Amino acid sequence: QVQLVESGGGLVQTGASLRLSCAASGGTFGSYAMAWFRQAPGKEREFVASITLKGGGTYHADSVKGRFTISGDNTKSTVYLQMSSLKPEDTAVYYCAGGIFGALRLGAAAFWGQGTQVTVAS
């Protein structure tokens with residue numbers, strides 16, 4: 001059973017940067033793709049970015065392209081989300097998830113983390 005633990009969330013000002021981390025345990029890290037999602041209050045969960053840990057291929061949602069970057073470190077079994085030029089509309093609970101690369105962007109994940117809150121003040 002794969003377990004995911006997110007960290008790095010917090011309260012920041014508009015324009016600031018923040019890096020989220022997702023540490024995985026159990027299973028074989030790299031045998032599955034990883035992704036970040038977010039859910040703002042009163043809104044549906046939204047795909048943010050995904051990565052194939054074997055080849056390093058990535059996919060970012062248009063809403064974050066150019067501002068957010070997903071990356072992974074197989075030696076630490078950790079995936080990161082580097083966020084820059086943050087906006088108030090980026091405020092949400094950010095979730096880490098794992099599964100099949102092509103399915104993740106559709107919201108279909110095999111396992112999820114508990115989430116970490118990111119709040120961007122205007």
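Worth saying up front: this structure is predicted, and the values here are computed from it rather than measured.
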(message) Quick check: do M34 and S50 have side-chain heavy atoms less than 4.5 Å from each other?
(response) no

(request) Any chance you could measure L86, atom CG, to L18, atom CG, to the nearest 0.5 Å? (result) 6.5 Å

(request) State, to 0.1 Å, how close A24 and F29 come at their nearest heavy-atom pair, and which atoms those are. (result) CB-CD1, 3.6 Å

(message) So for atom CD, which belongs to E89, do other residues, nucleotides or ligands contribute more than 12 heavy atoms lying within a distance under 6.0 Å?
(response) yes

(request) Kindly compute the distance separating OG1 (T28) from CG (L53), expressed to the nearest 0.5 Å. (result) 12.0 Å

(request) Applying ring pair (Phe, Tyr, Trp, His ring centres under 6.0 Å), name anything that partners F101, two or more places apart in sequence or on another chain. (result) none

(message) For the residue pair R45 and Y95, would you count it as a cation-pi contact if the rule is NZ or CZ under 6.0 angstrom from the ring centre and within 45 degrees of the ring axis?
(response) no

(request) Mark yes when over 12 heavy atoms from residues, nucleotides or ligands other than Q117 sit less than 6.0 Å from its CD; otherwise mark no. (result) yes

(request) Hey, could you give me the OG/CG distance between S63 and D90, rounded to the nearest 0.5 Å? (result) 8.0 Å

(message) If the condition is salt bridge (charged side-chain N to carboxylate O under 4.0 Å, His left out), which residues does K87 pass it with, not counting sequence neighbours?
(response) none

(message) Taking the six-membered ring for Trp, are W112 and F37 closer than 6.0 Å centroid to centroid?
(response) yes

(message) Within a 6.0 Å radius of atom CD on Q3, are there more than 12 heavy atoms belonging to other residues, nucleotides or ligands?
(response) no

(request) Check whether any side-chain heavy atom of Y59 sits under 4.5 Å from a side-chain heavy atom of F47, and report yes or no. (result) yes

(request) Side-chain contact test, heavy atoms from C-beta onward, threshold under 4.5 Å: evaluate it for M83 versus L20 and give yes or no. (result) yes

(request) Can you see which heavy atom on H60 is nearest to which on A49, and at what distance? (result) CD2-CB, 3.6 Å

(request) Kindly check if the number of other-residue, nucleotide or ligand heavy atoms within 6.0 Å of NZ (K65) is above 12? (result) yes

(request) Using a cut-off of 6.0 Å, state whether more than 12 heavy atoms not belonging to I100 lie near its atom CD1. (result) no

(request) Supply the atom-to-atom distance S84 OG to R19 CZ, rounded to the nearest 0.5 angstrom. (result) 13.5 Å

(request) Please work out which of the three classes, parallel, tilted or perpendicular, describes the rings of F111 and Y32, given edges at 30° and 60°. (result) perpendicular

(message) By the definition side chain to side chain contact (heavy atoms under 4.5 Å, CB included), identify the one residue from T91, V64, V93, V118 that meets it with R38.
(response) V64

(request) Taking the side chain as every heavy atom from C-beta outward, state whether Y80 and D73 have any pair of such atoms under 4.5 Å apart. (result) yes

(request) Hey, could you give me the CH2/CG distance between W36 and L81, rounded to the nearest 0.5 Å? (result) 6.0 Å

(request) Check whether any side-chain heavy atom of E6 lies under 4.5 Å from a side-chain heavy atom of S21, and answer yes or no. (result) no

(message) Just so I know, are the side chains of V2 and L4 near enough to count as touching, which here means a heavy-atom distance under 4.5 Å?
(response) yes

(request) Kindly give the heavy-atom pair with the smallest separation between A109 and A97, and that separation in Å. (result) CB-CB, 3.6 Å

(request) Rounded to the nearest 0.5 Å, what's the gap from CG on L104 to CD1 on I51? Could you check? (result) 11.5 Å

(request) Of all the heavy-atom pairs spanning K76 and T78, show the shortest one and how long it is. (result) O-OG1, 2.8 Å

